[in-house]
Peer 1: 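Attaching a single structure in structure tokens format; questions to follow.
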Amino acid sequence: MKRNLQLYNSLKREKETFVPLHETHVGMYVCGPTVYSDVHLGNCRTFMSFDIIYRYLMYCGYKVRYVRNITDVGHLLDDGEDRILKGARLQQLEPMEVVQKYTNGFHDMMRLFNTLEPSIEPRATGHIVEQIELVQQIIDNGYGYEINGSVYFDTPKFAAQTGEYGKLSGRVIEELVSESRDNLKNQDEKRHPSDFAIWMKAAPEHIMKWNSPWSVGFPGWHLECSAMSTKYLGSQFDIHGGGNDLKFPHHENEIAQNVSSCGCQPARFWLHTNMLLLNGKKMSKSDGNSISPVELITGDSEHISKAYSPMVVKFFMLQAHYSAPLDLSDEGLLAAEKGFKRLMEAIKSLNKLTSTATTGNLDNELKAIADGALTEMDDDFSTPKALAKLFELVPKINSLADGKISINEVSSEAIMYIQKIVNDLVFNVFGLKDEQDGQNSAVDGLMELILNIRQKARENKDWGTSDQIRDGLKAAGIVVKDSKEGSAWVYE
RNA sequence: GGUCUCGUGGCCGAGCGGCUAGGCAGAGGUCUGCAAAACCUUCCACAGCGGUUCGAAUCCGCUCGAGACCUCCA
């Protein structure tokens with residue numbers, strides 16, 4: 001299915017028509033987590049966003065290779081300590097135990113949010129050889145220099161000769177006063193404050209270190225993405241994504257490394273997701289304005305009144321565009337929860353509809369709404385607008401389901417057409433799932449029996465029994481919904 | 001301090017010069033044994049002040065406010 005996709009390209013600062021390098025294949029690289037502690041909720045938003053982008057590209061018929069790395073070395077803290085090593089020290093674990101622990105936790109969380117696994121999930125420590133080769137290429141091409149066993153990227157030279165530095169982040173090198181941590185520590189070594197380390201000589205007590213032509217040391221943080229994207233997607237690929245706080249310095253430096261080693265821009269489209277705020281403010285553990293994914297789904301946080309299911313959280317996030325800041329709040333989640341249920345109920349009803357009509361005068365209107373949802377997705381993956389379209393369908397579906405609109409107004413062909421689009425979009429592209437599902441048939445059978453008994457009582461105008469059943473079920477967390485066609489039930 | 005983004009109704013969030021966003025909440029109604037659900041109708045807006053335009057939430061300027069990046073963070 002060939003669709004006309006428009007993507008906002010951060011590099012160009014405008015929307016562009018998406019044309020992949022190879023007609024049928026798409027290569028996409030997304031900066032993954034640094035696995036030194038539990039995954040951040042904002043991080044989850046980013047990966048959910050790219051999961052939907054991944055899924056939609058596949059829905060459009062592309063074969064997508066989605067590479068999302070695991071950073072397990074080289075990402076340093078303010079004091080110059082490696083994030084992984086700090087985690088290891090604090091928890092008295094082997095560095096790789098830390099990596100494994102939080103990688104597992106990250107995967108568990110991604111699974112809860114029903115995201116697909118990437119095609120390749122490479123680790124930085126598994127690609128030391130490639131990173132050393134990349135450093136060598138950069139040196140060979142004259143953009144890297146070694147001092148005392150560490151290798152630095154010559155940013156001013158690169159900027160002057162290529163004019164490529166600062167394009168993504170909109171920075172001018174003269175204005176940059178770099179304080180990147182590895183540089184703070186070795187301030188004297190660098191020729192220019194904006195130079196950054198691509199290979200760091202390790203102190204004797206440093207645990208994670210490897211042999212290299214320059215020293216026993218470890219790679220700079222920005223290096224891994226350059227090396228791994230090139231290895232798995234080629235020196236040029238279609239989409240590079242990440243959170244917008246990575247634009248500088250990480251992505252800017254990544255581009256510099258790629259351009260200086262192979263002479264070409266790595267990605268044609270740069271996509272950046274925006275921040276997740278809590279109650280209008282940036283999440284920050286230090287001032288208490290923070291909530292973790294686990295707290296959100298267990299309800300164990302002062303910021304929320306109850307537990308929210310992962311799908312509700314996901315639905316909430318879908319209501320905002322990935323490139324806009326999103327403000328998380330209890331009220332917002334509550335609203336999302338109701339909206340999500342309503343949508344799920346409507347889809348259930350939709351999937352039960354059957355018509356024998358061969359033509360219907362609502363056909364065009366309904367099909368146009370469904371098509372519209374896809375058109376919105378074509379426009380930079382606008383999930384909020386696509387959802388709005390689906391919600392336009394909800395009253396129509398409900399009216400058809402309860403007979404307020406005759407089913408003969410819609411042809412069987414149109415119903416199947418709409419069912420296909422709605423189900424594909426909601427379940428395959430958005431990756432939502434109906435949490436009411438998955439009940440065992442025992443419960444279904446039981447409920448059918450109970451509701452039949454209640455129906456008999458109602459027919460006999462035995463309101464006492466009828467209400468007793470209804471109230472009892474309510475107390476058990478099950479809501480009975482009566483309609484002309486009979487009674488349905490749903491978990492509260 | 002520098003770079004940039006944004007300020008939409010009770011809440012969340014679309015909107016990219018003229019035409020309904022949507023969700024939640026509120027109000028009225030239909031249906032119903034009652035209730036819930038569902039359906040129908042409906043109230044509430046574009047931070048402020050100027051400017052451009054036949055016409056601005058949408059473009060420009062200023063003011064106020066918020067946020068991001070510049071320093072690890074998605």
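Atom set for the values below is all heavy atoms of this structure, side chains included, hydrogens, waters and symmetry mates excluded. In what follows, chains are A, B, ... by sequence order, proteins preceding strands, each numbered from 1.
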Peer 1: Between Phe248(A) (CZ) and rA74(B) (P), how many Å, whole number?
Peer 2: 17 Å

Peer 1: May I ask you to check whether Asn69(A) and Tyr29(A) show a side-chain donor-acceptor distance below 3.5 Å?
Peer 2: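 There is such a pair between these side chains.
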
Peer 1: Please measure how far the C1' atom in rC39(B) lies from the corresponding atom in rC73(B), and state the result in whole Å.
Peer 2: 48 Å

Peer 1: Under 5.5 Å between ring centres and under 30° between planes: true for Phe391(A) and the base of rG23(B)?
Peer 2: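 Not stacked: fails the 5.5 Å / 30° test.
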
Peer 1: Taking 4.0 Å as the cut-off, does a side-chain nitrogen or oxygen of Arg342(A) come that near to OP1 or OP2 on rC24(B)?
Peer 2: yes

Peer 1: Counting Watson-Crick and G-U wobble pairs only, both distances under 3.5 Å, name the nucleotide matched with rA25(B), or none.
Peer 2: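 When the pairing criteria are applied, nothing turns out to pair with rA25(B), so the answer is none.
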
Peer 1: Between rG51(B) and rC70(B), how far is it from one C1' atom to the other, in whole Å?
Peer 2: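 Pairwise C1' distance, rG51(B) against rC70(B), rounds to 34 Å.
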
Peer 1: Does the rG33(B) base have a donor-acceptor partner in the side chain of Asp467(A) within less than 3.5 Å?
Peer 2: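 Result: at least one qualifying N/O pair found.
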
Peer 1: Between C1' on rG23(B) and NZ on Lys314(A), what's the gap in Å once rounded to a whole number?
Peer 2: 19 Å

Peer 1: Starting at CD1 of Ile369(A) and ending at C1' of rA21(B), how long is that distance when rounded to a whole Å?
Peer 2: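 One finds 13 Å between C1' of rA21(B) and CD1 of Ile369(A), rounded.
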
Peer 1: Under 3.5 Å for both donor-acceptor distances, Watson-Crick or wobble: does rC6(B) have a partner, and if so which one?
Peer 2: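 Base partner found: rG65(B).
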
Peer 1: Examine the base of rC34(B) for any acceptor or donor lying under 3.5 Å from a partner atom in the side chain of Arg470(A), and report the outcome as yes or no.
Peer 2: yes

Peer 1: rA74(B) and rU41(B): how far apart are their C1' atoms, nearest whole angstrom?
Peer 2: 44 Å

Peer 1: If you assign Gly32(A) and Leu277(A) each to the RNA chain B nucleotide with the nearest heavy atom, which residue ends up on the more 5' nucleotide?
Peer 2: Leu277(A)

Peer 1: Quick check for you: among rC39(B), rA14(B), rA36(B), whose closest atom lies nearest to any side-chain atom of Val479(A)?
Peer 2: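 From the listed options, rA36(B) comes nearest.
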
Peer 1: Given rC69(B), rA14(B), rC24(B), identify the nucleotide with an atom nearest to the side chain of Asp245(A).
Peer 2: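 Closest nucleotide among those given: rC69(B).
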
Peer 1: Identify the residue among Asp380(A), Asp379(A), Asp378(A) that makes a salt bridge (Lys or Arg N to Asp or Glu O under 4.0 Å) with Lys15(A).
Peer 2: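 Of Asp380(A), Asp379(A), Asp378(A), salt bridge (Lys or Arg N to Asp or Glu O under 4.0 Å) with Lys15(A) is met by Asp379(A) alone.
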
Peer 1: Please state the C1' separation for the pair rA14(B) and rA57(B) - nearest whole angstrom.
Peer 2: 12 Å

Peer 1: Do Phe113(A) and Phe47(A) make the cut of ring centroids closer than 6.0 angstrom?
Peer 2: no

Peer 1: How far, in whole Å, is rU58(B) from rU8(B) if one measures between their C1' atoms?
Peer 2: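 Nearest-Å result for rU8(B) against rU58(B) at atom C1': 11 Å.
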
Peer 1: Let me see the working for Asp462(A) and Thr465(A) under side-chain hydrogen bond (donor to acceptor under 3.5 Å, both in side chains), right down to the final yes or no.
Peer 2: CA-CA 6 Å; Asp462(A) 178 3; Thr465(A) 303; 2.5 Å; yes

Peer 1: Identify, between Asn398(A) and Val480(A), the residue whose nearest nucleotide on RNA chain B lies closer to the 5' end.
Peer 2: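 Result: Val480(A).
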
Peer 1: Using atom C1' of each nucleotide, how far apart are rU52(B) and rG17(B) to the nearest Å?
Peer 2: 12 Å

Peer 1: Let's test this: given Watson-Crick or G-U wobble pairing with both distances under 3.5 Å, identify the partner of rC19(B).
Peer 2: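 Looking at the geometry, rC19(B) pairs with no nucleotide.
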
Peer 1: Provide the Watson-Crick or G-U wobble partner of rG1(B), both distances under 3.5 Å; none if there is no partner.
Peer 2: rC70(B)

Peer 1: Among the nucleotides rG23(B), rA25(B), rA35(B), which one has an atom lying closest to any side-chain atom of Asp482(A)?
Peer 2: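 The answer is rA35(B), which lies nearest to the side chain.
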
Peer 1: Whole-Å distance between rA74(B) P and Asp327(A) CG?
Peer 2: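 These atoms are roughly 20 Å apart.
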
Peer 1: For Ser301(A) and His303(A), run side-chain hydrogen bond (donor to acceptor under 3.5 Å, both in side chains): C-alpha distance rounded to whole Å, both residues' side-chain angles, the deciding distance at 0.1 Å, then the answer.
Peer 2: CA-CA 5 Å; Ser301(A) 166; His303(A) 298 292; 4.8 Å; no

